[in-house]
Amino acid sequence: MKKKNNLKTLTAVLNQYYQDNDRQKLNQLTQLLQNDMIKNPNDPFMRHYYLMSLSTLYHLDFLVASIDNQNELIDYFFNISYWQFYDLCLLANVVNMIHVERSTPYISDILKQYATNNMTMASVETVSKILINALETSIIQRKDDFTRYLLDKVKKYKFNTDDFKFQTWLLFWTGVFENNNNKIRHAYSIATYLHQNITLKNFDKFLTITQTPSPFFEDTKKDTPKS
């Protein structure tokens with residue numbers, strides 16, 4: 001229980017610092033967790049907490065981790081036979097700093113587990129975060145095959161169809177991937193109607209950082225989905 005509470009507290013703090021774009025606090029927290037990790041070299045959770053914080057810091061600039069850190073995480077995920085809340089949280093918070101194709105078998109396993117209806121609501125919410133972050137990462141890394149694969153998998157498993165927030169994000173990423181301004185505008189409209197202010201802020205952040213032209217300016221070219 002203590003481990004789960006610590007994890008929830010950490011993820012909430014990391015998410016807040018990310019939303020605030022607070023590099024100073026993220027740097028301080030990452031350094032603090034690194035010191036704790038050094039003091040407790042045999043505690044894998046301390047190591048994971050540090051990597052989660054590092055990944056959140058990297059997420060601000062869409063950086064990837066060193067190959068050694070990626071291999072360490074992949075080795076951990078490889079040995080998971082049944083995905084529990086802790087494992088899902090770890091993947092959700094580090095997927096953005098891994099070369100995204102390396103997460104393919106694990107996301108596939110997670111969606112198969114979801115299909116068995118053997119997941120708690122908290123776990124399903126965490127899987128939503130994994131998928132949202134993985135789609136963002138694949139688009140940033142320009143891994144079109146993976147993006148297409150993931151969109152197809154979500155459709156196949158009818159993932160979380162009743163979650164309006166997740167479906168809004170799915171519409172947004174589909175629009176970005178297909179270069180379809182109508183879908184992006186529709187995602188903005190839904191988020192606005194549902195007062196999803198944080199979601200709207202993150203839409204804006206992504207479009208700004210990636211220098212994506214505003215979908216609200218009329219363009220002479222027709223929206224053309226990727227084949």
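Atoms considered below: every heavy atom in the structure, side chains included; atoms not considered: hydrogens, waters and symmetry mates.
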- May I ask you to check whether Tyr49 and Asn93 show a side-chain donor-acceptor distance below 3.5 Å? no

- Determine, stepwise, if the pair Leu29 / Leu33 fulfils side chain to side chain contact (heavy atoms under 4.5 Å, CB included). CA-CA 6 Å; Leu29 179 57; Leu33 290 170; 3.9 Å; yes

- Hphob cluster co-occupancy, Ile74 + Leu91, side-chain heavy atoms under 4.5 angstrom: yes

- When clusters are formed by joining ILVMFWY residues with side-chain heavy atoms under 4.5 Å apart, either directly or through shared neighbours, do Ile198 and Leu170 land in the same one? no

- Any chance CZ of Phe78 has more than 12 other-residue heavy atoms, nucleotides or ligands included, within less than 6.0 Å? no

- Query: Would you say the side-chain atoms of Tyr86 and His48 include a donor-acceptor pair closer than 3.5 Å?
  - Reply: yes

- Passing candidate, side-chain contact (heavy atoms from CB on, under 4.5 Å) with Pro215, options Val176, Ile184, Asn179: Ile184

- Message: If you define the side chain from C-beta out and look only at heavy atoms, does anything of Phe166 sit under 4.5 Å from Lys129?
- Response: no

- Item | Minimum-distance pair of heavy atoms, taken over all atoms of Leu88 and Ser123 | CD1-CB, 3.7 Å

- Lys NZ or Arg CZ of Lys205 over Tyr18 ring: under 6.0 Å, within 45°: yes

- Item | Any donor-acceptor N/O pair, Ser53 side chain to Tyr50 backbone, under 3.5 Å | no

- Item | Main-chain N/O of Asn160 paired to Gln167 side chain as donor or acceptor, under 3.5 Å | yes

- Task: Write down the atom of Asn69, the atom of Ala65, and the distance for their closest heavy-atom approach.
- Result: CB-CB, 4.0 Å

- Message: For the residue pair Gln31 / Asn27, report whether a side-chain donor-acceptor contact shorter than 3.5 Å exists.
- Response: no

- Query: Is Val95 linked to Tyr76 within one hydrophobic cluster, defined over Ile, Leu, Val, Met, Phe, Trp and Tyr using a side-chain heavy-atom separation of less than 4.5 Å?
  - Reply: yes

- Message: For Phe203 and Trp169, take the angle between the two ring planes, folded into 0 to 90°, and tell me which bin it lands in: parallel under 30, tilted 30 to 60, perpendicular over 60.
- Response: perpendicular

- Message: Hydrophobic clusters here meaning ILVMFWY residues chained together by side-chain heavy-atom distances under 4.5 Å, can you tell me if Ile190 and Tyr188 are in one?
- Response: no

- Specify whether Trp83 and Tyr106 have parallel, tilted or perpendicular ring planes, treating 30° as the upper limit for parallel and 60° as the lower limit for perpendicular. tilted

- Query: Around atom NZ of Lys153, are there more than 12 heavy atoms of other residues, nucleotides or ligands at under 6.0 Å?
  - Reply: yes

- Go through Leu150 and Thr104 one step at a time and tell me if the side chain to side chain contact (heavy atoms under 4.5 Å, CB included) criterion holds. CA-CA 9 Å; Leu150 197 52; Thr104 302; over 6 Å; no

- For Ile98, does its backbone N or O pair with a side-chain atom of Gln141 as donor and acceptor, under 3.5 Å? yes

- Just checking, any donor-acceptor pair under 3.5 angstrom between side chains of Asn96 and Ser55? yes

- Message: On a heavy-atom basis, which atom in Met52 and which in Cys89 lie closest, and how many Å separate them?
- Response: CE-O, 4.5 Å

- All heavy atoms of Thr126 vs all of Ala122, minimum pair found to be OG1-O, 2.9 Å

- Query: What do the steps show when you test Val127 against Phe159 for side chain to side chain contact (heavy atoms under 4.5 Å, CB included), and what is the final call?
  - Reply: CA-CA 9 Å; Val127 176; Phe159 181 79; 3.5 Å; yes

- Message: If the threshold is 4.0 Å, N to carboxylate O, is there a salt bridge linking Lys155 and Asp152?
- Response: no

- Query: Is it the case that more than 12 heavy atoms not belonging to Ile209 sit under 6.0 Å from its CD1 atom?
  - Reply: yes

- Beyond-backbone contact of Gln70 with Ile67, side-chain heavy atoms, under 4.5 angstrom: yes

- Go through the steps to decide whether Leu111 and Leu131 satisfy the test side chain to side chain contact (heavy atoms under 4.5 Å, CB included), and finish with yes or no. CA-CA 10 Å; Leu111 287 172; Leu131 296 174; 4.2 Å; yes

- Between Phe146 and Ser103, what is the shortest heavy-atom contact and its length? CZ-OG, 3.9 Å

- Note on the structure: Correct closest heavy-atom pair for Leu171 and Ala187 would be CD2-N, 3.6 Å

- Message: Set out, in order, the CA-CA distance, both residues' side-chain angles and the distance that settles salt bridge (Lys or Arg N to Asp or Glu O under 4.0 Å) for Lys201 and Asp204, then state yes or no.
- Response: CA-CA 5 Å; Lys201 180 180 177 181; Asp204 289 342; over 6 Å; no

- Query: Does the side chain of Tyr82 pick up a donor-acceptor pair with the side chain of Asp87 at under 3.5 Å?
  - Reply: no

